[in-house]
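Whatever order the structure lists ligands and atoms in, that order sets their numbers, starting from 1.
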Amino acid sequence: MSDAVGAPEGAVEGREPAGEKTIFGHPRGLVILFLTEMWERFSYYGMRGLLVIYLTQHFLFSDERSSVIYGAYTALVFIMTIIGGTLADRYLGQRKAVAYGALLLVLGHGMMAFEGSGSREILTYQGQDYEIALDGRGGDARQLIVSDAGQSVIGFSNGGAMMEIADPQAVGLPASIPADAYATRIEQEALYVNILYLALALIIAGVGFLKANISTIVGALYGYEDLRRDSGFTIFYMGINLGSFLSSVTVGVIGIVYGWSWGFGLAGVGMLAGLVVFLWGQPWLEGRADPPSLETLGKKVLGPINVEWACYLTGVGIVAVSMLMVMNAHLIPETFVGMLGVVVFIFMIGYAVTKLHGDERARMFAAMYFILAQIPFWALFEQAGSSLNLFTARLVDKTMFGVTVPAPVFQGLNAGYIVIFAPILAWLWVALAKRRLEPSTPVKFAVGVFLAGAGFLALVGGINASGSGAALTAVYFIFLIYWLHTMGELMLSPVGLSAVTRLAPARIVGMTMGAWFLYSGLSNYLAGLIARATGAQTIGGQLTDIAAAKATYVSVYSQVGYIAMGIGFAMLLVAPFIKRLMRLDTLTDDHAHALAGEAELAEPLAPGTHPPQKAGA
Ligand code: GLN
């Protein structure tokens with residue numbers, strides 16, 4: 001197919017602005033955005049890694065309630081990017097939106113460090129109160145019962161019907177107590193639970209203002225015809241994963257070993273570093289993220305409140321709404337997420353049809369294709385934290401060089417691979433583009449989705465190689481699936497950011513980036529459904545029938561593997577059509593220049609319309 005090795009998407013050589021200050025051949029603003037996003041993701045992933053354990057062990061929320069809070073939080077974080085993106089497009093500009101988002105994030109992560117003394121679980125037996133506590137944090141913590149006299153480790157037998165007390169004398173209780181002979185209740189400190197909700201809401205609003213907009217600024221560093229665009233986004237993506245990798249080996253460990261507040265506090269300090277870098281590095285962005293119009297920003301809307309402050313107050317509103325939603329997450333119907341996806345889709349189509357014309361509309365349809373085409377990828381990729389993590393924990397022989405490696409360690413493989421392979425791909429895209437051999441964006445996407453499926457089929461091959469009995473799967477296959485998924489991710493995720501910032505009309509680029517993240521977040525919902533299908537029978541969190549569990553994994557993983565490969569293949573077939581929809585021939589810097597010139601007469605310069613620079617001029 002000629003498209004697979006087609007022309008480099010309409011790019012023309014020598015389109016980097018003359019006189020541009022670069023570092024390693026990229027605009028120096030990329031360094032600032034790389035570091036800011038690295039620290040933002042450091043705090044985000046560091047905090048997220050601790051969150052569920054914190055909810056269950058410190059606040060003693062049930063497993064169900066904790067996962068509902070976690071689910072609502074991670075969904076809202078992505079959902080709010082559409083509001084942050086839209087406000088930046090219309091009024092604030094990306095620079096102010098990112099700075100404000102970073103400030104909210106520093107407050108939110110900082111607030112997470114106020115943990116209080118935690119919830120207490122009180123057990124009443126024969127009219128006497130005892131406290132149930134843990135002797136540590138994390139998966140290895142043991143349950144204790146504490147009385148005035150002393151304390152003892154406890155365990156449960158008969159599927160929880162009997163409580164067994166290791167040292168009955170120490171607490172003055174019998175060695176086993178049937179479950180119906182005692183009652184338990186949980187006492188939470190309302191103040192600290194509310195601080196937790198507020199902190200989560202601040203983070204949701206903060207990411208909402210920051211995440212989509214910082215990607216938009218990366219896009220604004222490159223002209224439409226700049227050959228370095230995908231490469232720049234791939235380097236930026238490396239920053240994201242470097243942050244996530246560094247936090248998993250610092251925030252996660254410190255939070256568990258030294259205490260929650262130390263971990264969360266460190267995440268907050270990381271975010272503060274991000275804010276400082278961003279503010280300090282402003283000159284290097286060379287005005288490419290400025291507000292669309294200072295005049296509009298200063299316009300009064302209500303008494304002393306001008307448009308700029310109204311945007312910040314909207315942020316406070318997002319905090320309030322998010323706090324209410326996280327608190328009442330268990331009341332939100334599960335279908336809400338799916339419905340939201342449909343509503344946003346209809347809105348975007350409606351916008352494109354009524355407000356856009358000609359090439360602009362065609363490009364917007366292409367951007368929407370990419371936004372939707374990421375769904376099958378993330379639905380498979382996001383098994384990493386759920387079903388694949390459990391599979392690794394239970395069904396893989398994790399002994400390497402005589403050491404049994406704990407399953408969560410494999411979670412770091414993805415970020416590790418990205419840090420290694422992102423620079424290689426960043427180089428490859430530019431090198432291929434210069435030779436006019438770079439695959440088009442829709443082809444890269446097709447390969448990305450295909451690789452997500454291929455990864456699962458490779459793992460299924462590994463499971464089958466271990467036979468149909470209870471034998472464990474060799475650990476190499478875990479390295480292999482994560483590698484294939486990471487290569488797929490690099491084909492799709494940074495490339496998608498690059499394409500969306502290039503294809504969306506400048507005046508709605510933030511909103512469109514918001515939609516990208518929204519659907520990327522919604523894909524997690526689908527990922528949850530797939531993970532649920534792999535669920536096996538367990539007692540006390542351990543499998544009861546290993547061979548049956550293996551068979552379930554083989555069946556679900558090969559189904560999703562084949563489906564994704566099929567979708568990838570279909571995407572390859574439509575790639576030439578999508579490429580035409582991108583209208584690359586008219587997507588030139590000169591054209592943008594002309595448009596911006598016209599726009600200036602009617603309305604102020606749209607944000608993200610990077611000061612159009614005539615290449616080679
Ligand atoms: N891991 C990437 C990030 O945090 C991509 C997230 C996504 O789009 N789902 O930015």
Heteroatom distance test (Trp516, ligand 1): nitrogen or oxygen, under 3.5 angstrom: no
Ser493 N/O to ligand 1 N/O under 3.5 Å: no
Close N or O approach (Asn241, ligand 1; < 3.5 Å): no
Subset of ligand 1 atoms that lie under 4.0 Å from at least one heavy atom of Tyr45: 1 (N), 2 (C), 3 (C), 4 (O)
Test: Lys211 cationic atom under 6.0 Å from Trp516 six-membered ring centre, within 45° of axis: no
Distance-only N or O hit between ligand 1 and Lys211, under 3.5 Å: yes
Ligand 1 contacted by Gln374 (non-hydrogen, < 4.0 Å): no
Option from Tyr369, Phe450, Phe370 for which ring pair (Phe, Tyr, Trp, His ring centres under 6.0 Å) with Phe445 holds: Phe370
Sidechain-backbone polar pair: Thr56 side chain, Val52 backbone, donor-acceptor under 3.5 Å: yes
Charged N-O contact under 4.0 Å between Asp290 and Lys96: no
Any Tyr237 heavy atom less than 4.0 Å to ligand 1: yes
Geometric class of the His485/Phe456 ring pair [parallel <30°, tilted 30-60°, perpendicular >60°]: perpendicular
Arg41 charged N/C atom sitting above Tyr45 aromatic ring, 6.0 Å / 45°: yes
Where ligand 1 meets Ile240 - atom numbers and elements under 4.0 angstrom, heavy-atom basis: 3 (C), 4 (O), 10 (O)
For Ser520, the ligand 1 atoms whose distance to one of its heavy atoms is below 4.0 Å: 7 (C), 8 (O), 9 (N)
Option among Leu490, Leu428, Ile418 that satisfies the side-chain contact (heavy atoms from CB on, under 4.5 Å) test with Thr234: Leu490
